[in-house]
Structure formats: structure tokens, C-alpha cells
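A short worksheet on the structure shown next.
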Number of protein chains: 2
Amino acid sequence: MASDVGRTKRPTMVDVATRAGVSLKTVSRVVNNVPHVQPELVERVLAAVAELGFRRNPSASSLRSGQATATIGLLIEEIANPFYATIAGAAAEVARLHDTMLIIASSEEDPARERQLLQDMCARRVDGLIVVPAGDDHSFLRAEVELGTPMVFLDRPAGGLIADTVLLDNRGGARAGVRRLVDDGHRRIGVLLDSLNVYTMRERLDGAQDALAPAGVPYDTRLVRDGVRDPVDAARVVSEMLDRPDPPTAFFSLNNRITLGVIEELHRRGSDAALLGFDDFDVARLVPYPLTVIAYDTRELARAATELLFRRIGGDRSWPRTVVLPTELVARGASARRAGHAP
Amino acid sequence: MASDVGRTKRPTMVDVATRAGVSLKTVSRVVNNVPHVQPELVERVLAAVAELGFRRNPSASSLRSGQATATIGLLIEEIANPFYATIAGAAAEVARLHDTMLIIASSEEDPARERQLLQDMCARRVDGLIVVPAGDDHSFLRAEVELGTPMVFLDRPAGGLIADTVLLDNRGGARAGVRRLVDDGHRRIGVLLDSLNVYTMRERLDGAQDALAPAGVPYDTRLVRDGVRDPVDAARVVSEMLDRPDPPTAFFSLNNRITLGVIEELHRRGSDAALLGFDDFDVARLVPYPLTVIAYDTRELARAATELLFRRIGGDRSWPRTVVLPTELVARGASARRAGHAP
DNA sequence: TATTGCTCGGACAACGTTGTCACAATAGCG
DNA sequence: CGCTATTGTGACAACGTTGTCCGAGCAATA
């Protein structure tokens with residue numbers, strides 16, 4: 001083809017060796033910083049490397065040496081989601097400190113795709129994996145674990161596999177938040193959640209029940225609604241609940257997407273129902289409605305997981321551990337009501 | 001060490017061949033779907049693959065076959081930033097359609113780091129690169145381009161390198177937005193921007209001047225402020241400008257981080273200055289202040305770039321092109337003033 | 001039955017690198 | 001001055017895969 005113009009081959013160590021007038025092995029030594037090479041030769045080799053623009057081929061390198069691709073994999077649900085983006089950012093930061101590349105893949109909450117991606121990453125011989133599980137059976141990873149690929153599960157536990165896990169205190173956070181609502185005298189609390197198939201949602205709902213049951217609040221199915229996917233859904237559900245003869249005096253939304261919809265509807269109606277939301281969000285203080293959020297440090301979550309992973313990669317073979325990170329209740333919003341500036 | 005427990009070697013094609021009682025090459029053929037292999041042998045091989053849990057070693061594969069690591073690289077400034085997260089999500093989606101892995105790396109706006117990461121990705125023999133430039137000299141990539149690694153620059157043009165580029169119509173968008181402010185009678189417009197070192201900021205400011213100059217609006221240095229890094233900065237600058245004897249009647253903020261700060265201050269003061277902001281943001285409609293945003297489709301931006309990249313990977317050797325995507329003026333906010341529900 | 005044509009399996013080399021080993025050159029010692 | 005350590009260097013093989021090529025096996029044809 002006429003389009004091959006300028007299509008040269010990449011320089012290899014052999015080219016560098018020829019250029020520098022040394023042996024292949026000497027180049028290898030210089031490139032890998034092996035000591036006991038004459039300073040003069042080192043210089044000649046480095047000069048040749050620079051002139052030819054040589055870069056070591058990591059495929060060949062990791063093929064030969066068996067290990068250490070200087071790459072870790074991160075499997076999340078969806079990169080575009082700010083929660084996962086924050087996780088990816090924090091993981092990337094830690095990886096950078098270890099001179100390691102980060103491969104990010106999105107499962108899109110599809111267990112089959114999750115499996116495919118994880119196996120693909122393992123086939124690429126990543127040095128380790130951080131996984132936010134989508135499916136609920138990860139026993140297919142056992143072979144990889146036994147082959148020595150360390151992995152840390154993040155935000156949700158693995159299914160059918162004993163492994164390192166870093167979680168939020170979903171249940172405790174929800175319990176504390178709802179307890180506050182109860183302490184404030186609320187007895188009819190609307191609860192909105194995405195899906196009970198998700199571990200975090202189940203935990204949060206359990207936490208709410210932990211707080212409601214001892215307070216003697218009866219269980220009212222009409223006040224717990226799952227399948228709330230987006231803010232529009234949420235607004236509709238809130239509207240329905242408020243139109244009932246005995247409307248809730250408070251709402252607990254189990255994630256921030258739902259919280260946004262709830263705020264919108266409450267604000268639109270000029271309601272004064274209390275609102276508790278799991279997850280903080282960055283424009284929370286601009287929101288024209290007072291609310292309490294169950295906040296946590298997403299970066300810390302990812303950082304803890306990534307650092308644990310690197311400890312494993314570094315050779316820590318101790319028993320798998322589960323780390324649970326705390327949450328915190330924070331008052332937010334109501335800037336529309338002339339809240340002052342935060343310090 | 002006693003810790004080697006369970007540390008088996010990964011199965012190779014040789015193992016599979018032995019197990020299936022065929023030759024190594026036959027396994028290779030089956031694994032690569034080469035036709036003309038006896039159906040019975042195919043079955044035996046596949047059975048052995050499944051039993052042993054064999055996965056092809058991509059290092060060896062791409063080493064031998066020279067190309068096609070089925071991986072593309074994306075270099076952005078910061079994964080945790082929603083703009084880049086959205087880009088990453090869209091790029092990942094397109095990559096998935098092409099059965100390709102996406103490696104994401106963050107330059108953190110550091111040109112040295114950018115260079116390092118790009119060269120690292122090239123060394124890993126990615127099939128192509130998408131780059132949001134941080135530095136302003138990318139001539140060091142020329143060697144890679146000549147070696148046949150396609151690359152597409154996104155959001156900002158490359159420096160010192162002729163290459164495919166996908167941009168927003170920053171200048172046109174700013175021009176249209178500011179023209180509307182001018183048409184509405186505004187003559188004193190406060191302009192807040194991050195840094196003139198950034199290409200997009202320069203373009204947006206140029207667009208503003210395009211609209212102001214013909215309208216005979218004099219240039220007032222005190223109304224253009226750069227170095228506005230975050231919402232707190234922005235709020236302070238707005239406050240200062242409003243305290244002047246002839247305060248601006250409108251503000252133009254050149255990115256959404258700044259916009260948030262401006263909103264907060266305007267709302268806090270109960271000001272009625274008009275507000276125009278570059279970049280839309282997802283909670284915009286919840287915002288308690290009316291504003292116009294210069295919006296665009298971030299996903300489309302990334303999609304266009306990624307698809308162009310895959311066309312190049314597919315063999316398109318036509319002249320490098322520059323794609324400019326349109327922006328759109330959208331009215332937002334003021335939900336605090338009882339705006340109705342969007343349909 | 002012998003020849004041709006065709007299909008498909010297997011031996012072998014090679015991709016670029018690194019570990020092993022051996023050897024050459026130098027320094028240190030008696 | 002000869003011997004052993006020590007240091008520096010290179011030949012060679014191997015990592016796991018795939019491209020090349022040859023030839024075995026078989027059917028169709030003369």
C-alpha cells in the first residue's frame with residue numbers, strides 16, 4: 001500500500017546494542033538499572049536509547065519475567081457516575097504513587113459483563129484487582145486468587161469468595177439518621193430506594209428498621225417504596241405519599257439521585273417534611289430545602305481499598321480482612337432560606 | 001516461603017494440547033477460530049480449555065503478532081472531575097462496542113506527567129490514543145504517530161503536531177451567549193475565568209469580545225477577572241464587583257465551577273443581575289437563581305473522538321481532520337421562583 | 001492402481017525481553 | 001610472578017504465542 005509511508009519498526013534492545021556497540025544483555029542491564037556496569041557503557045547505552053527513542057516492550061518483558069505488569073484493574077459499575085468517578089480518581093492517585101497504571105472497566109451492572117471483564121483483566125496479568133461487585137457470585141475468581149492475583153472488593157462484599165473487602169457502614173449510618181428523625185418525633189417516614197437487589201440498599205433499609213422497630217413505629221408498606229430509579233420517579237412517589245390522608249412527616253431517601261427528586265417535589269409544594277438522604281452531593285449547600293445527609297468519604301473508601309491491594313501485591317499474605325468505614329450525619333441545604341455562609 | 005500454598009502456574013496452550021491430545025498449533029487454531037479444524041478436535045480442545053481454565057496470554061500474543069493489544073488509552077486531566085468522567089464513560093462505551101479495553105490516565109494538568117503517561121501508554125502498544133492535552137507541546141509524539149499509533153486530541157488542540165482533533169465551538173458559544181446579554185441591554189458584564197493558560201478559556205473570552213466589541217461596549221479591565229479557581233473565589237469576586245459604584249448588571253462565568261460560586265453570591269444578596277455560564281451541570285434546574293447556560297453534549301464530544309480513533313485504527317489514512325461540535329443556549333435554574341415542572 | 005489435488009495437523013522459528021551461566025579482564029594476595 | 005576473587009560482559013535459552021511450511025492422509029480422477 002502507498003499508505004505505509006514512514007512506517008518504521010520500533011527500535012528494540014538489539015538496535016540499541018548495535019548502536020552503542022555493546023551486547024544486548026548490557027542494554028538490558030542498563031535499562032533495568034542493574035548495578036556493576038561500567039559508567040562509560042551506561043552512558044553510551046543511554047545515549048543510544050535517547051537517539052533511537054527506544055522504549056522497552058512491556059509485553060515481552062512481562063512475558064519473560066512472568067510477573068509485574070505494573071498494572072492494576074478497577075472494575076466499577078459506570079465511570080460517568082460521580083461516585084465511581086471519585087473512586088477511580090482516588091484509586092488512580094494511589095496507583096500513581098506505586099508507579100502503576102490503572103485499567104478501569106465498567107460492568108454496567110451486568111454480572112455477565114462483570115465476569116467477562118474480570119477474566120479479561122486477569123488474562124492481561126494485572127498485578128491486582130479492585131472490584132465493585134455487580135453480580136452476586138464471584139466464585140469464578142477463586143482460580144485467579146489461587147494463582148496469586150490479589151483482589152479487594154469495594155463497597156459491596158463478594159459472593160461465594162473469601163476476600164479482602166472495604167465497605168461503608170451503611171447500616172449504622174442509616175440507623176443513626178433514622179434514629180434522629182424518630183427522636184425529632186417523626187412517626188410516619190416515607191422511605192424511597194432503588195432496588196433491594198443491591199447490597200447497599202438492603203443494608204440501609206435494615207439500618208432504618210433497626211431504628212424504627214425499637215421506637216415502636218409500625219411497619220407500613222405504603223411508606224416504603226422500591227424501584228425508584230431517578231429523580232422524576234422520586235418526585236412522583238413523594239407526591240403520591242403526600243396526597244394520602246395521613247402523609248409522612250419525613251422522608252428517607254436511600255441514595256442521592258432519589259434525594260434530588262424528593263427535594264424538588266418537597267420544594268415545589270412548599271412542604272415542610274423533614275428529609276434525610278444517604279450520600280452527600282457537592283451542590284448540596286445550594287439546595288433550596290433543608291436536609292440531613294448521611295455522608296462519608298468516598299475517596300477514603302477507594303484509598304483504603306487500593307492501599308490494601310498494594311499491601312497484598314507487596315506480599316502481605318495475612319488472612320483476608322474486612323474494613324468498615326464510618327458515616328456521618330451532616331445538615332445541608334436550605335440556602336434558599338438565607339442560610340449564612342459556611343466559614 | 002511457606003506462603004506459596006496453592007501457587008500453581010497458569011495453564012498454557014501446551015497444557016491444553018497435552019490434555020486434549022492434539023498439537024500445540026491445533027490449540028492455537030481453535031483458540032483463534034481458524035477454520036478447517038475437525039469439529040471433533042475443536043470440541044476436545046474447547047473441553048480441555050474449559051477444564052483447565054485456560055486463558056490466552058495477551059502479552060505473548062501481541063508480542064508474537066506484533067500488533068493489536070485491543071486496548072486504547074485515554075489521557076484526561078482528572079478522572080474525578082464530572083466532565084472527564086463523562087468523557088471516560090462515553091469513550092468506554094464506544095471502546096466496548098469494538099471489544100477493546102480502555103486505559104485511563106490522569107495528567108493532573110502536569111505536562112511532564114502527561115508526557116510520561118503518553119509514552120508509557122505507547123510503550124504498552126496501545127492501538128490508539130485519545131488525549132485531552134495538558135501541555136502545549138506534543139511534538140514528542142511525532143515519532144509515535146509515524147510508528148503508526150493513531151491519536152485523536154479532544155477538547156483542546158495538540159501543540160506542534162498535526163493530528164485529528166475534536167473540539168467544542170467555545171468561541172461561537174460564548175459569542176452567542178454574550179450577544180444575548182448585550183441584546184438584553186447589558187453594558188457592564190462581569191467576566192470570571194479560571195486561567196488564560198487554558199485554550200478553552202482563551203477561546204471563550206475571545207468569543208465574549210467578539211460580541212462586545214461590535215456593540216460598542218468599552219473594555220473595562222476591572223470587569224474581567226482571571227485566576228478564579230473555585231466557587232469561593234468566584235463568590236468573593238462577584239461580591240467585590242457588586243460593591244463598586246457602577247456594578248455590573250450581568251455576569252459571564254467561563255466554567256461551571258465558577259458559575260456555582262456566582263449563583264451562591266447573587267442569591268445570597270438577592271441580586272437581580274443576569275447570569276450566563278459556560279457548561280451545563282446536572283442539578284442546574286434545582287438552582288435558586290435564573291441563569292442561561294452555554295450547553296453542549298459532552299458524551300457526543302467523546303463519542304465523536306473515539307469513533308474517529310477507531311476509524312483510524314481500522315485503517316483510515318486520510319488527512320487529519322478537525323471536528324467542531326456546536327453549543328446551545330439553555331435557560332436554567334430559578335426553581336426557587338416556582339418554575340413549573342419540566343414535561 | 002497410480003496420480004493429482006486438497007485438507008488439516010505438526011515441527012519449527014520467531015517476536016523482544018530477561019535469567020543463567022560461563023568466561024574475560026582486572027585487582028588483590030602470598 | 002602465579003594464583004584466586006571479584007567484577008564486567010556476552011552467548012544462549014526460555015517465556016507463550018502465532019506464522020510458515022511441509023507432509024500425511026484421503027478422495028477424486030485417469
### Message
Whether the Ser318(A) and Arg312(A) side chains hold a donor-acceptor pair (N or O, under 3.5 Å, no angle test) is what I'd like checked.
### Response
yes

#### Entry: Pairing of Glu77(B) and Arg156(B) as salt bridge, 4.0 angstrom limit
yes

Between the protein and nucleotides 22-27 of chain C, which nitrogen or oxygen pairs come in under 3.5 angstrom?
none

Heteroatom pairs (N/O) under 3.5 angstrom, protein to nucleotides 15-17 of chain D:
{"from": "dC15(D)", "atom 1": "O2", "to": "Arg64(A)", "atom 2": "N", "distance (Å)": "3.3"}
{"from": "dG16(D)", "atom 1": "N2", "to": "Ala60(B)", "atom 2": "O", "distance (Å)": "3.4"}
{"from": "dT17(D)", "atom 1": "OP1", "to": "Asn57(B)", "atom 2": "N", "distance (Å)": "3.2"}
{"from": "dT17(D)", "atom 1": "OP2", "to": "Met13(B)", "atom 2": "N", "distance (Å)": "2.7"}

### Task
Using a 4.0 Å heavy-atom cut-off across all strands, classify Val31(A) as base, sugar-phosphate, or nothing.
nothing

### Task
Report yes if some heavy atom in the side chain of Met101(A) is under 4.5 Å from a heavy atom in the side chain of Met121(B); otherwise report no.
yes

### Query
In terms of the angle between their ring planes, are Phe310(A) and His98(A) parallel, tilted or perpendicular, with boundaries placed at 30° and 60°?
parallel

### Task
Examine distances only and state if a side-chain atom of Ser61(A) and a backbone atom of Asn57(A) form a donor-acceptor pair shorter than 3.5 Å.
no

### Query
Considering only heavy atoms from C-beta outward, does the side chain of Leu46(A) approach that of Glu43(A) to under 4.5 Å?
no

### Message
Would the distance check show the side chain of Thr165(B) and the main-chain N or O of Pro157(B) forming a donor-acceptor pair, the cut-off being under 3.5 Å?
### Response
no

#### Entry: Side-chain heavy atoms of Glu114(B) within contact of Val131(B), under 4.5 Å
yes

#### Entry: Closest contact, heavy atoms only, Glu307(A) versus Val94(A)
CG-CG1, 3.9 Å

### Message
Treating primed atoms plus P, OP1 and OP2 as sugar-phosphate and everything else as base, which nucleotides of nucleotides 20-27 of chain D get B, S or - for protein heavy atoms under 4.0 Å?
### Response
--------

### Query
Would one find a side-chain N or O of His36(A) under 4.0 angstrom from OP1 or OP2 of dT7(D)?
no

### Test: Asp164(B) and Arg311(B) ion pair at under 4.0 Å
no

